[in-house]
Structure formats: C-alpha cells, structure tokens
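Chain letters run A, B, ... following the sequence lines, proteins first, then strands; residues in each count from 1. Everything quoted here is computed from the prediction, not taken from an experiment.
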Amino acid sequence: MKPYFEKMSPFGSTLPAGKIKSGEPNVQRIKTAEADVDEAVAKVKNAGLPEKVINQRGQLTVWQRIAYLVDPGTWSPLNTLYNPNDNVEGTNNVCHGLAKISGKWAVVIGFDNKVIAGAWLPGQAEEVFRATNLSKRLNIPLVWLVNCSGVKLPEQEKFYGDRRGSGTTFFRHAELEQAGIPILAGIYGTNPAGGGYQGISPTILFAHKDANIAVGGGGILSGMSPKGFFDLEGAEQLIAAAKQFKAEPPGSVKIHHDATGFFRYVFDTEQGVLDGIKDYMKDMPAYHSKFFRVAPPAEPRFPAEDIYYLVPFNQKQMYNFDEVLARLVDGSEHMEYRPGYGPEVYTGLVKVDGFLLGVIANRQGFLGEDYPEYAPYPGIGGKLYRQGLIKMNEFVVHCGRDRVPVVWFQDTSGIDVGDIAEKAELLGLGQSLIYSIQQTDVPMMLVVLRKGTAAAHYIMGGPTANRHNAFTLGTATTEIYVMHGETAAAASYSRRLVKEKESGKPLEPVIEEMNRLVKSYNDNSRPVYCAQHGLVDEVARMTAIRDYLKAFAGAAYQNPRSICPQHQMMLPRIIKG
Amino acid sequence: MRRRAPVKAGAPARLRPIAMRPPTPRNGPLPAIVLRSAAIPAGRLPLLRAALLASLLTLALAAALPERLRAEAAPPRITLFPASVETGDALVVEIDGRPLQRAAQEYTVSFAEQRLALFAHPVKGRGVHVGLAAVPLSAPPGTASLTVAWVDGGRPQSRRIPFHITAGAYGEERLRVDPRHVQPSPPDLERIRREQEKLKRVYASGSPSRLWSEGFQLPVPGEVSGPFGTRRVFNGELRSQHSGLDFRSQTGEPVHASGAGVVKLAEELFYSGNAVIVDHGAGVFSSYSHLSRIQVGVGQRVERGQRVGLIGATGRATGPHLHWGVKVNSVNVNPLSFIRATAALSP
Ligand SMILES: [Zn+2]
C-alpha cells in the first residue's frame, strides 16, 4: 500500500506576509486566553503544601513523581482543571494524563499528596472514571501513584456512596483487569480504608518502605465509641489509642510484604518505586510502532505557530480549516474523501507520527447560492446539511471497517433547522451518525477548535460518545453551549418583547434580562469553565494540539483489539476511485 | 481560605446587570445597550427566523424612539465591563454623553479612594469617555459602587453605579520558616524603606493622559507559573499576596513592554532585583522584575512589544522567571484581567 500512504497529496500554503501583520492582535488575544488557562493550571499545581515542605519530609510531590516516571516530552495531561464542585482545596486531588513510560504509552494517574495527604474529594471519582475509561478505550496499561489518606470526612456525603461514588473505582479496576488491561501501582504513605482499596485493587503493587494499606486506619480503630457520644473518659481512651496507632499504623510493609505478600516489591526510596514501574512497563503488551505505521513520521511543512494567525478569536470571523489541518499532520499531506460533496465538512485520511488517522471537521465560510441543494437559502460553514451528514456517516463507517482511529474537529453552530431541513431528513441523519459511530468501535478523539454547539456537538464524536471518545481537547478559542447566548436570549424573550410592547410597557427591563442571559452564556462557555466542569478534558495551546494527536495515535495503535491489514483497507481505494 | 461560590448557570452573583442606567422615561433616549442587543448575527440563526426576529426588534425600537431628543436633559449612559468582577480585577468605565459632547474634565469619576483619569474612547469617538478602576485584592466581596459626577446647566448631578464584587479564588502558600530568615538585616531594612518611598514617588508621577494606543500584550511567551493573588502565609501569618504574575522562562530570554509608555524606573531593587517600570498614562503602570539585564533607560519612550530587558533571577527570586505587575490607580491588578478589560478599547 506504499503508493497510497508514503506520499499523499500535499495541501496548505505558507502564511501570507499581510496575514502575519494584520493577525498580530488575534495572536495576542489567543495567547492571553492561554495565559488565563495557564494561571488556572498553576493554581491547581500549587494547591496544598509547597513542594519544599513535601521534599523536606523526604517525599516527592505527585508532579515530581510523574516527571521522574514518564519519558521526557510525552506527558499529555488531562483534566488538570477538572473540579466541578469548586472544592476549597482548589483541586479534586488526582491528576492524570497520557504518557510513555519506557517507550510504551500508559494512562498515568496519581493522588496529589500535597493536599490532605491525597484524600478523596468531591469530583475526584469522575476523573478516575475518565482515566479508567481512557485505559479501556485505548487498551493500554493504567499506572497509579497511590498516596491516599482516605475520605475527607467532613464532606463524605458528597462522594462516599452512590453508583458513581469513589468506591466504584475498585469495580472499574476489576473491569480493566477482566479485559486484560494491567494496572501497575506505586504505593506511598498511609492508605487506610478507601486508600487501602486504592492500593489493593491494582494488578501489581510496588510499595515504598514506609507505605501501608489497610481495611481501616488508626483513626477508625480508635474512634469507635460504645456510648454513641464522647465524654472526657472516651477522649482519654482515644488519646491513648491514637498514640499507639500513630506509632504503627496497620498494614505496613511488615504485614503486606513479609506476611501477606500483597506488595510484590518494596523499595527503600521514592525513586526506587518508580524505577520498578519503569522496569515492568518494558514488558507490557505493545506492538512495535513499525507494525502499524504506514510511513516514516514527518513534521508538518508549516509551523504550528501559524494556527494563532489562522483561527480567529472572534467567533464571527471565518477561516480555512484545511490550512489549520496542514499545520497538524505529517508532511502536510492528506487523502481527502469526497472533496466535492458536502462542502461544509472535511473528511480525509492523514498521518500523524506515521500512523493513519481519519479526520472529520467543520469547514467555515459561505458555501454558495446552490448549496444546500434542497433549500432556497444559501449554506454557511459551521452548520451541517444533508450532504455533510451523509458524508460523515459514510466516512465513519469506512474508518470502522478499516480500523482507523478518528479525530474530530468541531467548530459548529449546529444542524440546519426548519421544515425544509426536516424534509431533507436531517434529524434522522444526525441520529444515524450516532449509530454509525457506535458500531465502529474505534478510538476517537475530539478537538473543540472553537464552537461546540447544539446536537452537532453530540453527533460529531462529542464526549457524549462515551464508548468511543477517548478524550476531548479544548483550545483558548473553545466555546461550548446549547446555542449561542444571543440566539438563546432571542429565543427566550422574543414573545415577551412582543407582549410588553403591545401592552405599552417599557422594554428596557426585558432587554436587560436578555443581556444578562448573553453574559451568563459567555461566562459559562469559556475554556477554563469548560475544563473545570469536564466539558473538555484539557485546554491545550494551539502549538500543543499535535502533541495530543501523537499521543492519541501512538496509544491507539499500541495494542489495538482488532486489526485491518493495510492491503485490505478500502478507504484509500475508495478515495482513489 | 475564601473561595468563590460554585459557579452555576443562573447563580445570582454572576447575573448582575451589565450596564446600570438611571431610569429613563418611556419616551426618553434609549440606552446604548438596547442598540447593541439588536445586533443579532444572522449567521447564527436559520436565516428566515433571524430576519423575522431582527425586524421584530427593529420595529420595537423604532416605535420606542422619541420624536425629538431632549438632549440637554439626557444623563450620560454609564457602562461597566466586565460585568462580573473579582477582587484584583481591572474595571473599565465607559461614559457615553452623546449627543452632548461634554469634555472629559466635566466628569469626576471615583471608586473608593481612586479618582479615575478619563480619556476619549479610542474607537467610539467624541463624547464617549473611558476610565480605568482597580478592585483591590482586599476589597470586600459584595455590592460596591462607583460614582460619576458632572454639572448640567449649572446644577451638580451625580450617579452611583452599583456593581458586584466576587472573591477571587486564590491559592495559599503556607510556609514555616525560621523568623530570622524572614526578617531582613537593619541595613537591608533601611534600603527597603528608601526603595518603597521611591516607588511611591514613581507611581505618583504618572502621565494623566493615555500613552498607549494599541492595547496590551503578554511580555513573554512563557508559561504562567505563579498565579496572581496567591496568599503567602509565613508561620501562620499572612505576609503578602502575590502582586503580579510569574512566568517561567530561561535566563536571557527577551522581555517586552506590554504596552506603549515611558520608562519611569530602571534599576536594581532589593526585592525585585533588576526592575523596569513603565508609565502607560491614565493611571496605568506595568513592571518587569528579576531581570538579568535592563535594556532601557529612565525617560525613554517604549512601544508595545519593545524589548526592555532579559529574563533573570535577580532580587528575591528562587529561579529565573519574570514577575510582571500591572498597577491601576496605584492598586495591583491581575495583569490578565487588565489585558482583557482594555482589549475592547483597541481600535
Ligand atoms: Zn512574582
């Protein structure tokens, strides 16, 4: 299949000098928005005790552990800002991401030991599910850095119980193991109760010499008061018991290495634990990259920095998506699927780090008087019409057959509406796309380049595709909402405007409410909000999008559950005709 | 640690009015905000519906327009943005007196101890004035107000414009340190005192008129490593709140002026190391600290993006980084909020 893949059609063009000059304000606006995200990330990373204090105790912080564990340049963080309950700690207390360890991709997740010694906090279980889902979707190992003091007791009601509470994690671990996905766990510090299960539920346990895991900690053992309340005598007993358990918490290395053998290995140093994991990662199941690569990896022919000039911060301005894509893919080459059909959508095959990926994206701009062919009005990019929906359905189905992972890029204002559009079957075709995605069973990734809006956000590989969407990336220009704030205000208040007008009442109060709604849509759709609430899994710099594409491609092709031989693929032949 | 309430759609704190106007008689002039909301982009709606709605709004507006504008009695329209402010944010006040063309000097705008320097709106033209205010980190969350005063037909007029301040979500750095390491030596203390006095003079010497024209930008491309407002607690005692933003970078990387202005200080200071302070006029200063080298001189005019020095770790810095500060009316504000607030004023 060399003739198809090694040299695809080159596309994209050098940024015109005029655009570089006139685009400078746009660059600055995007970079300022990225600095906003940076600042929020720095707050999460600085949460809890300073690094200095942790290091003085002879420990490394979770960030230092991750930095030591992963191959340089491969850490692709996810859900760093995820904190839907706005915890006072400033974090949900776990951090995770994709990274290579000893040359192999894994999902890495760790407790932030700077914050209440790595306690369970509200919102944390959901991030853990995202990490376990990612492992499952990509069929790659999960690596835990356990350091978990258990439930933050004053807030236990928010996450202890329930179907998706913190304990659900242990069933998810069992589910991964059942599916043949290994979970390696480095264990540090005191891990009682929930922390004990965090420690015991993985597949292989690498413990630090001072680590312990237990059904219950010293606090629980000494805290059972037979009277149902506490008095002075009870308090004295508590003090005595606490002193004893503080000296020797249950479930130490003496018990769980020497007696039970639950800890497979024990290391004297913090780094030793990580070295142990690194060593094990060498033997984790993985194909060599040459097995799946269709060409040697190559950089794009145009700099990623150009994207700051290409994507307008002002959502009302248009741009050429193909030029953006040319900055993201190997050699700025592609094989476009049905270029003349459904012009509002790009579909095509590209290479990232030598691996074949399918790309589906919204295109922007005026589509001409004759499109969509079923309507008297002209089409505008960003919207979806009949042909675009049919094309996406076809392309997704072919990617499923050929086992090609799919990357979606959204910048959509929704699907065409009105009776003409209904007659053109757009509702049915939208749900058909959902069915098409569901039956592919290939990993997918989404980049919300600008707008993720209306049902289009769902059907274009959105995070709603729970079993397929591995993760969703936002950018500084991302906005996610059911409809634009101004549209929402017009839809919600137009009748009231008419009514007030007819009854001779002043319109200003209604108009003020409309503007408030616009403002609230604006505030609650911004990148930092989207990331804090999990609408996107991370906000990446424009220049980092390709790194995430590489992580996705490398991880998706590391150990896929099914294979289509390259010489039996149909998509390249269909494109060639 | 004080934290902002969870942000929910519809949370009242986030829904404060964007613009506050004195009540207008039904046939009085329409506030600017009405006209703005009529500009619904047709591209976002199915065309037919958009056209319908737009014409509906236009009709409604046309009918409400007065037969003649009683301009002489019209109070100015006053708008604050952003609409929701956090402690440490910069705030833009826009005073639209049109069709009257009152001069900037005819208005007095004050917020707490700040007296705002007004300048002509760079885009909207004559009769529209703009001023910048700063919400201090120490401002109590809740309702605050800004006062605009002017004289109409010899009669003093004033309006209080209420707005809502929410507490910013700032982290905390708790450190236990040997008190001897926190306390500078007597000669150092004397130096610090002298420098503080000098800084006070510098910040009081700003040009009343606006010296920038093209808005502001980040001084370095680096990654933000130290958020604005972080509380530094030494031995259980709140010592300071981070007055600017820290950018992680390499020694020797260039540092650029974030906006046009005049250099007011370029020298080594005890805490800030090699520092440059630029006066942007109208109450705005920016500062660049811990530089390894200063590349501008006092009195020099700098343009936006012009190099002022190189990244370093001079003064009280643990490693090479840029501390970037912005002061509005002598109050430290989050530089990012300042860039955002002034972005709308750029031509
Ligand atoms: Zn600083």
Side-chain angles (χ1 to χ4, degrees), chain A residues 24-25 28-29 31-33 35-43 45-47 49-50 52-53 84-88 90 316 377-378 380 382 413 416-418 421 483-484 486-487 489-491 494 497-498 501 504-508 511-512 514-521 523-524 529 532-533, chain B residues 1 3-7 9-10 14-19 21 24 26 30-31 33-34 36-37 39-41 43-49 53 56-57 60-61 63-64 83-84 169-171 173-176 214-218 221 223-228 230 245-246 334 336 339-340 343 346:
Chain A
E24 199 50 44
Q28 289 304 330
R29 290 188 77 180
K31 290 196 170 172
T32 305
D36 276 331
V37 176
D38 268 7
E39 193 185 20
V41 167
K43 282 182 187 173
K45 289 193 173 170
N46 297 346
L49 296 168
K52 234 186 287 178
V53 173
N85 298 65
D86 204 14
N87 300 339
V88 290
K316 290 168 189 174
Y377 46 82
I380 309 158
S413 52
D416 190 17
V417 296
M483 60 179 84
H484 192 272
E486 292 163 22
T487 318
S494 58
L497 277 176
V498 175
K501 177 74 198 141
K505 287 187 192 149
L507 299 178
E508 285 83 359
I511 288 161
E512 247 174 37
M514 292 175 77
N515 282 328
R516 278 202 290 274
L517 186 69
V518 172
K519 169 71 185 143
S520 112
Y521 264 59
D523 285 346
N524 298 338
Y529 179 92
Q532 280 169 343
H533 294 262
Chain B
M1 188 160 52
R3 296 274 305 180
R4 163 168 47 87
V7 180
R14 311 287 293 186
L15 292 180
R16 299 297 296 193
I18 295 172
R21 295 171 310 99
T24 318
R26 222 175 75 211
L30 281 163
I33 195 150
V34 174
R36 223 170 45 203
S37 74
I40 293 170
R44 296 190 189 284
L45 279 172
L47 284 181
L48 292 171
R49 238 177 103 221
L53 271 171
L56 193 76
L57 278 170
L61 297 180
S84 58
Y170 306 114
E173 253 176 36
R174 285 188 165 271
L175 284 172
R176 296 220 146 266
E214 289 183 303
F216 289 80
Q217 66 176 44
L218 302 176
E223 183 193 326
V224 175
S225 54
F228 176 79
T230 306
L245 272 185
D246 290 345
N334 185 335
L336 295 176
I339 293 195
R340 265 197 311 274
S346 303

Write down the atom of B/V224, the atom of A/E39, and the distance for their closest heavy-atom approach.
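In this case the closest contact between B/V224 and A/E39 is CG1-CA, 3.9 Å.
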
If you look at every heavy atom in A/A42 and B/S225, which pair is closest and at what distance?
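Scanning both residues completely, I find the closest heavy atoms to be CB-O, 3.7 Å.
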
B/N334, part contacting chain A, at a heavy-atom distance under 4.5 Å
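For B/N334, the side chain is the part near chain A, not the backbone.
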
Checking heavy atoms, do the side chain of B/I339, its backbone, both or neither come under 4.5 Å from chain A?
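Contact with chain A is through the side chain of B/I339 alone.
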
Rounded to the nearest 0.5 Å, how far does OG1 of A/T32 lie from CG of B/L218?
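Taking CG in B/L218 and OG1 in A/T32, the distance rounds to 4.0 Å.
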
Heavy-atom distance under 4.5 Å between the side chains of A/V41 and B/E223, does that happen here?
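They are not in contact (no side-chain heavy atoms under 4.5 Å apart), so the answer is no.
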
For A/A35, is it the side chain, the backbone, both or neither that has a heavy atom under 4.5 Å from a heavy atom of chain B?
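The answer is both parts of A/A35.
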
Using the test side chain to side chain contact (heavy atoms under 4.5 Å, CB included), find all partners of A/P50 that sit at least two apart in sequence or belong to another chain.
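With neighbours one apart ignored, the set is A/V53, B/L175.
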
